[in-house]
Number of protein chains: 2
Amino acid sequence: MGRAQQDAVSSGSHKYLAVRDYLTNLVVRELKVGDAIPSERTLTERFGVSRMTVRQAVAALVTEGVLERVQGRGTFVAPQRMDFELRLTTFGEEMQRRGMEPTTTVLASQTVAATPEVATELEIAPGDDVHFLYRVRSADGAPMCIEQVWVPVALVPPLFDDGPPASVYEALRAHGQAPVWGEQTLAAADATDAEASLLGLGRSRAVLRARRRTFSDTGPCMYSHASYRSDRYSVWVPLRAPGPAIVPRGRSARRDPHDTSAPVAGAHDGTTTEV
Amino acid sequence: MGRAQQDAVSSGSHKYLAVRDYLTNLVVRELKVGDAIPSERTLTERFGVSRMTVRQAVAALVTEGVLERVQGRGTFVAPQRMDFELRLTTFGEEMQRRGMEPTTTVLASQTVAATPEVATELEIAPGDDVHFLYRVRSADGAPMCIEQVWVPVALVPPLFDDGPPASVYEALRAHGQAPVWGEQTLAAADATDAEASLLGLGRSRAVLRARRRTFSDTGPCMYSHASYRSDRYSVWVPLRAPGPAIVPRGRSARRDPHDTSAPVAGAHDGTTTEV
DNA sequence: CGCACAGAGTGGTCTAGACCTCATCATCGT
DNA sequence: ACGATGATGAGGTCTAGACCACTCTGTGCG
């Protein structure tokens, strides 16, 4: 099976990308979890590159959690742990992944003026126009969560032109504001009466509240609140090694090597006490 | 300032570790966020190693989120984002980090037989002896959370020999079972009467429940339940890019290259619906 | 005064080897 | 039969260069 290079998808001009793409396709299309990939020296020959180049490609996938190296044995497709991490996924994607039928009831879809909170999180001025979407999301017919979403109108004016989108993330992607990463604060709370009614809560009134900021390449592109039924929803979080945390002595005047980033607003903090 | 190597802490025998440790110390002791580290070629000379070796050291710290490379400019101390991620930290460490005084009330400290749930999570047999610790943890005198901890006696028999440790993680580290990573499931719940009383809850009865498994090199070393006051505690989580997730075709018969790992028990799943 | 351009310095990619440790397995000897 | 051993081949570390792409800065020209 020579000519592996043909598989390259976006190899561009870098050889290690060609190798990486080849391996990616291999993992997606042919290999199962635990299977070994071709040895580094095999790849060296097959692609006609040096071993350091192959190692660079493999290292990238190891960092992503796709592969695992084992000295003396080989490199293997990693168990899917990573897929279970919190991801920037759509409600619909999430539900489909676990075989449930997602449905949505739109309670409101309009343009509103940004409240101070929303403005802060989206890094716009209070009063600026934002698209606002207010929905109840259900799985297999049972209400699962209540969701409020804000997106700056200035960022994507025609976002709701075709009516409220089934997936805001999809809509953002379609308008060149693909979500790249996000941050989310989780807390427990007692449901308001409105929430209890919409979610059909009985005796148990606890809900899991998520406040999420989603970022595209250019900055915050969406802010959302969501309240999940506590009896149906829990979140799995991986915990990194504590290590002797490497913490620099302090902050220098200039904030960041790449000045595109803006200061994180609000009191977000890891495992935070908000007193 | 010659002889940078002297700074090496655990350089062992690998040259790139010497460079990495040197950089780590630099970041911890001298540099501020945004400061540049010495250039790769400078380090090459200073340590008398090749550039690939320096790059390996730098790459390790970039992967850890300690440093950031910027082509054409240099390598810089990364903003502390990473430090805010969920970490495998002690309650005491957490509170100290935000300048609060942690205190603990021990409600129970004894050896008990593992319940089926505990046994499953710790991958031991039901009925096996486990150290059990039951505590209320407070910050600045106000109850913050209720915590139950289980550790297999077989793993660290003398864990409680000096009485209940102030920090279980510290105790584990001291006995050669240093926590390496963990996984945690978060959910909202209504406090039980006992919890409400211990936490001094008023009208609001919602608590944030965390079930955590902590792993050392050899496997699960601790299982814990914690219930946090919802008005004082929230959790910040980063959300990874959704990307076209690289997912292998299926699972092969053998589970994992390193057989030390055992199947993850229970219904842990990313952003999970537990119906 | 202001702008363009060149040079220096940075990280990014890449080579063609080398020797190491470690895991596995077939073979040989007891 | 069974255990020791060595061959094989995997990844781990490392060298001494090379050229490329990018950023910044200083200089000189208009």
Side-chain angles (χ1 to χ4, degrees), chain A residues 5 8 10-23 26 31 34-63 65-78 254 256-261, chain B residues 5 8 10-23 26-27 31 34-63 65-78 217 254 256-261:
Chain A
Q5 301 87 316
S10 63
S11 34
S13 53
H14 294 309
K15 299 186 178 180
Y16 84 94
L17 288 178
V19 179
R20 196 199 58 182
D21 289 342
Y22 165 73
L23 290 174
L26 209 59
L31 299 181
D35 287 354
I37 66 168
S39 80
E40 295 180 355
R41 285 166 181 88
T42 302
L43 292 169
T44 289
E45 280 182 29
R46 192 175 299 174
F47 284 86
V49 298
S50 84
R51 184 152 165 243
M52 287 305 300
T53 304
V54 169
R55 283 181 65 77
Q56 186 177 5
V58 173
L61 293 173
V62 168
T63 297
V66 175
L67 300 177
E68 267 183 354
R69 289 204 240 237
V70 182
Q71 179 168 160
R73 295 229 284 140
T75 301
F76 304 86
V77 178
R254 58 188 217 287
D256 209 289
H258 44 55
D259 299 323
T260 63
S261 99
Chain B
Q5 303 87 313
S10 62
S11 34
S13 54
H14 295 308
K15 299 186 179 180
Y16 83 95
L17 288 178
V19 180
R20 194 198 60 182
D21 289 341
Y22 166 73
L23 291 174
L26 210 58
V27 168
L31 300 181
D35 287 353
I37 66 167
S39 81
E40 296 180 353
R41 285 166 181 88
T42 302
L43 292 169
T44 288
E45 279 183 29
R46 194 175 298 174
F47 284 87
V49 299
S50 84
R51 184 152 165 243
M52 287 305 301
T53 304
V54 168
R55 283 182 65 76
Q56 185 177 5
V58 173
L61 293 173
V62 168
T63 297
V66 175
L67 299 177
E68 267 184 354
R69 289 202 238 235
V70 182
Q71 179 171 154
R73 296 229 284 140
T75 301
F76 304 86
V77 178
D217 287 329
R254 57 188 215 287
D256 209 292
H258 42 56
D259 300 324
T260 64
S261 101

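Letters go in sequence order (proteins before strands), and every chain restarts at 1.
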Using the rule given for side chain to side chain contact (heavy atoms under 4.5 Å, CB included), can you reason through A:V70 versus A:F76, listing the C-alpha separation, both sets of side-chain angles and the distance that settles it, and then say yes or no? CA-CA 8 Å; A:V70 182; A:F76 304 86; 3.9 Å; yes

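- Candidate nucleotides D:dC14, C:dA16, C:dG11 were compared by shortest atom distance to the side chain of A:S50, and C:dA16 ranks first.
- Atom CD in A:E68 sits roughly 16 Å away from atom C1' in C:dA23 (whole-Å rounding).
- A:R55 has its CZ atom 16 Å from the C1' atom of C:dT13, to the nearest Å.
- In the set D:dT15, D:dG11, C:dT13, the nucleotide with an atom closest to the side chain of B:T53 is D:dT15.
- Closest-nucleotide positions on DNA chain C for A:Y16 and A:R51 were compared, and the one nearer the 5' end corresponds to A:Y16.
- Distances from the side chain of A:Q56 to the nucleotides C:dT13, C:dG12, D:dG11 place C:dT13 closest.
- If you measure from atom CD of B:E40 to atom P of D:dA16, you get 17 Å, rounded to the nearest angstrom.
- For B:R73, counting side-chain heavy atoms from C-beta on, the closest listed nucleotide (C:dT15, D:dG11, D:dC24) is D:dC24.
- At whole-Å resolution of the value, CZ in A:R69 and P in C:dC22 are 17 Å apart.
- Distance, A:Q71 CD to D:dG11 P: 10 Å, rounded to whole Å.
- Protein atom CD of A:E45 is 14 Å distant from nucleotide atom P of C:dT15, rounded to whole Å.
- Residue B:R20 comes nearest to B:A57 through the heavy atom pair N-CB, 3.7 Å, listed as atom of the first residue, atom of the second, then distance.
- Taking both residues in full, the closest heavy atoms of A:A78 and A:E68 are given as CB-CG, 3.9 Å, listed atom of the first, atom of the second, then distance.
- Comparing atom distances between the B:M52 side chain and each of D:dA21, D:dA18, D:dA16 picks out D:dA16 as nearest.
- Note on B:V49: only backbone sugar-phosphate atoms sit closer than 4.0 angstrom, heavy atoms only; bases stay farther off.
- Listed pair A:T75 / D:dG11 meets the phosphate criterion, a side-chain N or O lying under 4.0 Å from OP1 or OP2.
- B:V19 and B:F47 get closest at one heavy-atom pair: CG2-CG, 3.9 Å.
- Considering all non-hydrogen atoms of both residues, B:K15 and B:V49 come closest at CD-CG1, 3.7 Å.
- The nearest whole Å value for the distance from the CZ atom in A:R41 to the C1' atom in C:dG17 is 11 Å.
- Look at CZ on A:F47: it is 13 Å from P on C:dC14, rounded to the nearest Å.
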